[in-house]
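Below, chain A is the first sequence line, B the second, and so on; all start at residue 1.
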There are 2 protein chains.
Amino acid sequence: MARPRQALLTKERIVEAAAALIDAEGLDACSMRRLATELGVQGPSLYNHFATKAEIVDAVAEVVVAQVDISVFHGNDWREALRLWAKSYHAVLAAHPNIVPVLATGPGRRPAGLAMAEAVYGALIDAGWSRARATHIGALMRYLITGSALGSFALGFDADPELYDHYPHLHRAHELAAHRDAVDEGAFQLGLDLLITSLSDRYDLGVRR
Amino acid sequence: MARPRQALLTKERIVEAAAALIDAEGLDACSMRRLATELGVQGPSLYNHFATKAEIVDAVAEVVVAQVDISVFHGNDWREALRLWAKSYHAVLAAHPNIVPVLATGPGRRPAGLAMAEAVYGALIDAGWSRARATHIGALMRYLITGSALGSFALGFDADPELYDHYPHLHRAHELAAHRDAVDEGAFQLGLDLLITSLSDRYDLGVRR
DNA sequence: GTGCTTAAACTAGCGGCGTAAGTTTTTACA
DNA sequence: TGTAAAAACTTACGCCGCTAGTTTAAGCAC
């Protein structure tokens, strides 16, 4: 087939298919040939629309980050805004866990990531935090959110019960996987609570740097 | 060459070379052929000592985690122990950043990882935290530590100043990379402080579940 | 309308990847 | 001393990202 009368591919179609493939089968499954197959096309044809595979994956990351609600930074106290944003971010990553390793390396040049950084940092600055502290708080929130999204704590423990025979306190660790949601959600909620309440305490004491 | 009079490879030599290669050039550079070359051997020879590449990488992760100081859980108050352990863990990961993605998926079946989980969880249980809360706190610490080790927050922002023209609060974001250590260390220290002091407050109030 | 440039598909192929299979030689033990 | 296991080798398979060159259609200038 040479150039078709109607283009088979668009950037949007490619990104959509890549996102679906990554969600369904993981980053490794999303090879250029496989992705092309999903789109009914040969592998190298994708290079007519993206220069590299990294650009495609980046575009997927972009649409995922764009789903995070940053409107909460308007009209809310910085504490409440931070909490709502973190929950939204966490929920988005929970819905697309396979792309998290890409996001964990930072906003890079992605508009949605930069817009999010702008919103978070701006809100903290406007609240009166020093530039250094606002940066730290932003980084810290990212550590918590991506750290929790990156690998399930509960699933990090092998399910083989015998493995824990020699670790007296871990004798029920093989049950963690069954309570995955409660464990991982509970830890995230606790972390968010602890961080925001203690930041709030400092703030109220006037310690903003 | 057939079987040599003196074995060219041992598990230890392979793991040592793999660790050095990963530290120096990253996970991607550590291919079976490349690793074999470093050891003066052909690629498939490695399979006489390890069944898969994953086993080699896992062994590297094991020796890295084994460097974390878990002796601090003996003879220290749980708060102080947690703080000292977290700093040690953080320092180890900072010294071997390229292996962090492997650790971030959890202890799996690695003895050092399990021993660490045992020490942390055991200390929290012994201090009087409920099983659920001890699990949450352990997970939370891992989120903070691996989250901060995984990707530098400071380096996550592209160095191109023009990129930030349309983000009023980010106009100095391109300078972050230059202060990478201060930013990343400051955020981690802040997070550790906030988490431990607020956990300590709850604990002192008798809220241990 | 004709001709030129560009776009978007194709096929073929390069070097690298993890790993399987089979070969050769040495070592260790019955 | 004969045999089995160990540890190196070579060869090869099917993936991978990506490049080069080809073909045909589309869009635009004159």
Would you mind telling me which of [options] lies closest to the side-chain atoms of [X]?
X       : options               : answer
B/Thr52 : C/dG18, C/dT19, C/dA9 : C/dT19
B/Gln42 : C/dG18, D/dT10, C/dA9 : D/dT10
A/Ser45 : C/dC10, C/dT19, C/dA8 : C/dC10

(message) Looking at B/Arg33 and C/dG18, is any side-chain donor or acceptor paired with a base atom of the opposite kind under 3.5 Å?
(response) yes
(message) Could you check whether the side chain of A/Asn48 and the base of C/dA7 have a donor-acceptor pair of N or O atoms closer than 3.5 Å, going by distance alone?
(response) no
Spacing between [X] atom [atom1] and [N] atom [atom2], to the nearest angstrom:
X       : N      : atom1 : atom2 : answer
A/Leu35 : D/dG17 : CG    : P     : 9 Å
B/Ile14 : D/dA6  : CD1   : C1'   : 13 Å
A/Lys11 : C/dA9  : NZ    : P     : 13 Å
B/Tyr47 : D/dA8  : OH    : P     : 15 Å
A/Lys53 : D/dC16 : NZ    : P     : 8 Å
A/Leu39 : C/dC10 : CG    : C1'   : 16 Å

(message) Any salt bridge linking A/Glu175 with A/Arg172? Criterion: basic side-chain nitrogen under 4.0 Å from a carboxylate oxygen.
(response) yes
(message) Under 6.0 Å between ring centres: does that hold for A/Phe157 and A/His174?
(response) no
Report all side-chain donor-acceptor pairs from residues 147-155 of chain A shorter than 3.5 Å, counting only partners two or more places apart or in another chain.
from: A/Ser148; atom 1: OG; to: A/Leu144; atom 2: O; distance (Å): 3.1
from: A/Ser148; atom 1: OG; to: A/Ile145; atom 2: O; distance (Å): 3.0
from: A/Ser152; atom 1: OG; to: A/Ala154; atom 2: N; distance (Å): 3.2
from: A/Ser152; atom 1: OG; to: A/Leu155; atom 2: N; distance (Å): 2.9
from: A/Ser152; atom 1: OG; to: A/Asp184; atom 2: OD2; distance (Å): 2.7

(message) Considering only residues two or more places apart or on different chains, which pairs with a residue in residues 38-62 of chain A satisfy salt bridge (charged side-chain N to carboxylate O under 4.0 Å, His left out)?
(response) A/Arg34-A/Glu38, A/Asp58-A/Arg110
(request) Report the residue (A/His49 or A/Pro44) whose heavy-atom-nearest nucleotide on DNA chain C is the more 5′ of the two. (result) A/His49
